[in-house]
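Have a look at the structure below, then the notes.
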Amino acid sequence: MVTLGIFDAFTPQNVQYLLGGLGVTVGVSVISVILSFIAGSIIGIVQFERIPYFSTFVGTINNIIRNLPLLLIIFFVYFALPKLGIHLPIFWATVVAMSTFESSMLAEIVRGGLESIDKGQFEGARANGLTNIQTMVYIVLPQAYKKMIPPIISQLISLVKDTSLAMGIVLSEMTYRGQIVYAQNSTYIIPVLIAITLVYFLLNYGLSLIAKWFDRRLA
Amino acid sequence: MSMIEFNNVEKYYGKFHALKNINLKIDKGETVVLIGPSGSGKSTLIRTINGLEEIQEGNLLVNGFDLHDPKTDINRIRKNVGMVFQHFNLYNNKSTLENVMLAPRLVLKRSEEENKATAMALLDKVGLADKAANMPSELSGGQKQRAAIARSLAMKPKALLFDEPTSALDPEMVGDVLDVMRDIAKDSSMTMLVVTHEMSFAKAVADRVIFMADGEILEDSTTEEFFNNPKEPRAQQFLSQVDHK
Ligand SMILES: Nc1ncnc2c1ncn2[C@@H]1O[C@H](COP(=O)(O)OP(=O)(O)OP(=O)(O)O)[C@@H](O)[C@H]1O
Ligand SMILES: [Mg+2]
């Protein structure tokens, strides 16, 4: 019964099973991208504003998280939090872990982007009568985000790739399901891995197209 | 009542004593030029008036409100006091017209129609009506500065502060900006404080000249007195170094 056909791996059941995994990967990614973009922006702004004690405190926590391996954070949320009475289903545990880690990475990008804006922009706006918040919303953030698009997108691309780390807690995402599929038959290994590679590529290529579109619109 | 009043003001940057016992009154409608060598504290002094720099001692009354009083709302003062910077500080992400319209819209809640009419009239006044849709990056230095002046005027301020408005400009751009400033000074209700090295402008427009060195006001005289008969040796020396024919 051994055949060498490259498409043999893709029986209807296997394809359906893999697509389900893709759904999980996309689901975790999209929710984490949105959450970490919002949280990362807030944390980055807090660090930038240099609020006495508070900014230092937030900055320290952020640096600790940023320097931990993501897998460790995933393990912590899935295995350690339940011991503290917080039980999260595996999907949401992954989302929380990914969002926490990516927020801290994005916060650093946001802080750096804000630092790169000329002080004159703040002074011009403040002298013109704008409040601190108006200055941020109308003048500084639009300029900062425009500069930050490339690093933010490359961070979000690694977020999509990093969802595969959730295999570590047996989240049934795409890469994990690929493993299950090629465990059926060793000839499936190469086609399945190629298919998965293609899907990650398409996801991330899509992201970079969105980035280009934003970049042109904001230019 | 004076528009701006410094009483025994002291300003420190950390340990560095940048303004020393400043006493100064500027009346409504006056045009005052502030000069002095580099590092004497001119920018620092002018920037305390709209709260871009804090003072540590004394009191500083602007339009009757004490800037050193924590209860004073700094944004209320900034509504009435415009500032023009050496490096323009136009909003890089907004067109020339939007630069002029933004603060009146957000801060004064001026209606869109009135805001646009006022802004266009001001751009026309500073010779930039045809640049309304351009971004700051598409303007020359002199045009940027005139746009920045229009932006300040759109708030209908009671006072305008200028910190070396022509120092970053190519020589051939300076005249247009000074013309606009001269025009503003003619308005008898506008209070102007100008830091500049343009002595011809000072002579032609200023009611008074303040000379600073090392964080102190050394001389405060009428324009005529200052240029014909400076009392302080350091002012005499300064005048002999700058070209003031
Ligand atoms: N943010 C700051 N921190 C520390 N010291 C400062 C700061 N700003 C200015 N100073 C110091 O205060 C003194 C006065 O500076 P200021 O900029 O007011 O001088 P200035 O008269 O405007 O000079 P210039 O003609 O070069 O513009 C200088 O010695 C300067 O080094
Ligand atoms: Mg200066």
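To find a chain, count down the sequence lines: A is the first, B the second, and so on, and within it residues start at 1.
Atom CZ of B:R105 and atom CG of A:L130 lie 10.5 Å apart (nearest 0.5 Å). Separating the CG atom in A:D118 from the CG atom in B:N89 is a distance of 6.5 Å, to the nearest 0.5 Å. Distance check, rounded to the nearest 0.5 Å: CG of B:N99 to CD1 of A:I139 gives 7.0 Å. Atoms OG1 and CZ, from A:T131 and B:R78 in turn, are 10.5 Å apart once rounded to the nearest 0.5 Å.
Contacts between B:V81 and chain A at a heavy-atom distance below 4.5 Å involve the backbone alone (N, CA, C, O). Both the backbone and the side chain of B:Y91 have a heavy atom closer than 4.5 Å to some heavy atom of chain A. At a 4.5 Å heavy-atom cutoff, the contact between B:R47 and chain A is made by side-chain atoms alone.
Taking a 6.0 Å sphere around CZ of A:F79, one finds it holds more than 12 heavy atoms contributed by other residues, nucleotides or ligands. Crowding of B:E54 atom CD: a count of heavy atoms from other residues, nucleotides or ligands under 6.0 Å not exceeding 12. Residue B:R76 qualifies as open at atom CZ: its count of foreign heavy atoms under 6.0 Å is 12 or below. By the neighbour-count criterion of 12 heavy atoms within 6.0 Å, atom NZ of B:K158 is sparsely surrounded, having that number or fewer from other residues, nucleotides or ligands. The number of heavy atoms from other shown groups lying within 6.0 Å of CD (A:E115) is above 12. Residue B:K28 qualifies as enclosed at atom NZ: its count of foreign heavy atoms under 6.0 Å is above 12. Taking a 6.0 Å sphere around CD of B:E112, one finds it holds more than 12 heavy atoms contributed by other residues, nucleotides or ligands. Other residues, nucleotides and ligands place more than 12 heavy atoms under 6.0 Å from the CG atom of A:L68.
Ranking B:N92, B:N75, B:I74, B:I77 against chain A, the residue ahead of the rest is B:N92, based on heavy-atom pairs under 4.5 Å. Of the listed residues (B:H87, B:K94, B:M155, B:R151), the one with the most heavy-atom contacts under 4.5 Å to chain A is B:R151.
With hydrogens and angles ignored, the 3.5 Å screen pairs a side-chain donor or acceptor of A:Q121 with a backbone N or O of B:L90.
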| request: Output, in order, the C-alpha distance, side-chain angles, deciding distance and verdict of side-chain contact (heavy atoms from CB on, under 4.5 Å) for B:V107 and A:Q134. | output: CA-CA 9 Å; B:V107 181; A:Q134 288 169 333; 4.2 Å; yes
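Shown here for A:G124 and B:F85, the closest heavy-atom pair between the two residues is CA-CE1, 3.8 Å.
Side-chain N/O atoms of B:N93 and A:Y138 include no donor and acceptor closer than 3.5 Å.
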